[in-house]
Amino acid sequence: MAGVSAQGLSFSFGGSNLTVTSVQVNDTQDLIDGSHLGIAPNGRREYVGGFATDREVQIDYISTNILTAGASGSLAISGPISFSGNATIASSSIGGSVGALISGSATFRVA
């Protein structure tokens with residue numbers, strides 16, 4: 001099976017395009033124990049999806065733009081991974097060293 005390259009991925013947040021070097025999309029969902037008291041001995045519990053689904057998008061990027069925690073806007077990823085939605089920046093950092101590109105990292109919580 002051939003792998004798929006992330007090259008050509010484009011990313012924008014709040015109308016600004018960023019040069020992204022890494023993207024991770026993580027989904028979690030609350031599971032509710034839907035088992036009843038009549039489970040047979042050695043029976044299995046039944047879990048069902050809850051109401052809350054949390055999606056986080058974590059990126060590493062190259063830019064001098066400082067993404068501010070708490071800022072909200074429209075997030076769009078296109079290319080081999082496609083996703084769009086409204087998001088809020090949960091955390092961010094930016095830094096650089098002499099002779100290297102200025103790079104940052106940000107985590108978005110998607111509504």
Side-chain angles (χ1 to χ4, degrees):
M1 173 194 254
V4 176
S5 172
Q7 189 160 354
L9 189 70
S10 66
F11 183 94
S12 69
F13 175 71
S16 297
N17 294 323
L18 296 172
T19 302
V20 174
T21 59
S22 173
V23 172
Q24 298 289 326
V25 179
N26 303 309
D27 279 328
T28 60
Q29 183 172 18
D30 291 337
L31 294 178
I32 299 170
D33 187 347
S35 307
H36 56 82
L37 296 176
I39 296 176
N42 295 322
R44 296 187 180 262
R45 292 187 172 280
E46 178 182 345
Y47 292 95
V48 295
F51 297 107
T53 300
D54 294 324
R55 176 171 282 174
E56 284 188 347
V57 175
Q58 195 279 325
I59 64 165
D60 294 325
Y61 64 95
I62 299 169
S63 179
T64 56
N65 290 349
I66 298 174
L67 298 175
T68 306
S72 295
S74 177
L75 177 142
I77 303 170
S78 60
I81 300 172
S82 294
F83 173 76
S84 64
N86 293 320
T88 301
I89 300 173
S91 64
S92 69
S93 64
I94 192 167
S97 57
V98 174
L101 296 172
I102 295 176
S103 62
S105 178
T107 301
F108 300 85
R109 295 247 168 83
V110 181

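Heavy-atom basis, side chains included; hydrogens, waters and symmetry copies ignored.
Hydrophobic clustering (ILVMFWY, side-chain heavy atoms < 4.5 Å, transitive): Val23 and Val110 are in one cluster. By the rule that hydrophobic residues join a cluster once side-chain heavy atoms approach within less than 4.5 Å of another member, Ile62 and Ile66 end up as members of separate clusters. The hydrophobic cluster containing Ile102 also contains Ile59, counting ILVMFWY residues as joined when their side-chain heavy atoms lie under 4.5 angstrom apart, directly or transitively. In the hydrophobic clustering of ILVMFWY residues, with side-chain heavy atoms under 4.5 Å counting as a link, Ile32 and Ile39 come out apart.
A distance of 10.5 Å separates CZ in Arg55 from CG in Leu75, rounded to the nearest 0.5 Å. Remark: Phe13 CZ to Asn86 CG distance equals 9.0 Å, nearest 0.5 Å.
With contacts defined as side-chain heavy-atom distances shorter than 4.5 Å, the pair Arg109/Asp54 does not qualify.
Minimum heavy-atom separation, Ser63 to Ile94: O-CD1, 3.5 Å. Listed here is the closest heavy atom pair of Ala69 and Ser91: CB-CA, 4.4 Å. The two residues Leu9 and Pro80 have their closest heavy-atom pair at CD1-CD, 4.1 Å.
For Phe11, the ring pair (Phe, Tyr, Trp, His ring centres under 6.0 Å) test picks out Phe108, with sequence neighbours left out.
Thr107 places no side-chain N or O within 3.5 Å of a backbone atom of Gln58 that could act as its donor or acceptor partner. Although no hydrogens or angles enter the test, the distance criterion places a donor-acceptor pair under 3.5 Å between the side chain of Ser35 and the main chain of Glu46. Judged by distance alone, the side chain of Thr21 and the main-chain N or O of Asp60 form a donor-acceptor pair under 3.5 Å.
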For the pair Leu18 and Asn65, evaluate side-chain contact (heavy atoms from CB on, under 4.5 Å) and give the outcome as yes or no after the intermediate values.
CA-CA 8 Å; Leu18 296 172; Asn65 290 349; 3.9 Å; yes

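Under 3.5 Å, the side chains of Ser93 and Ser105 contain no donor-acceptor pair of N or O atoms.
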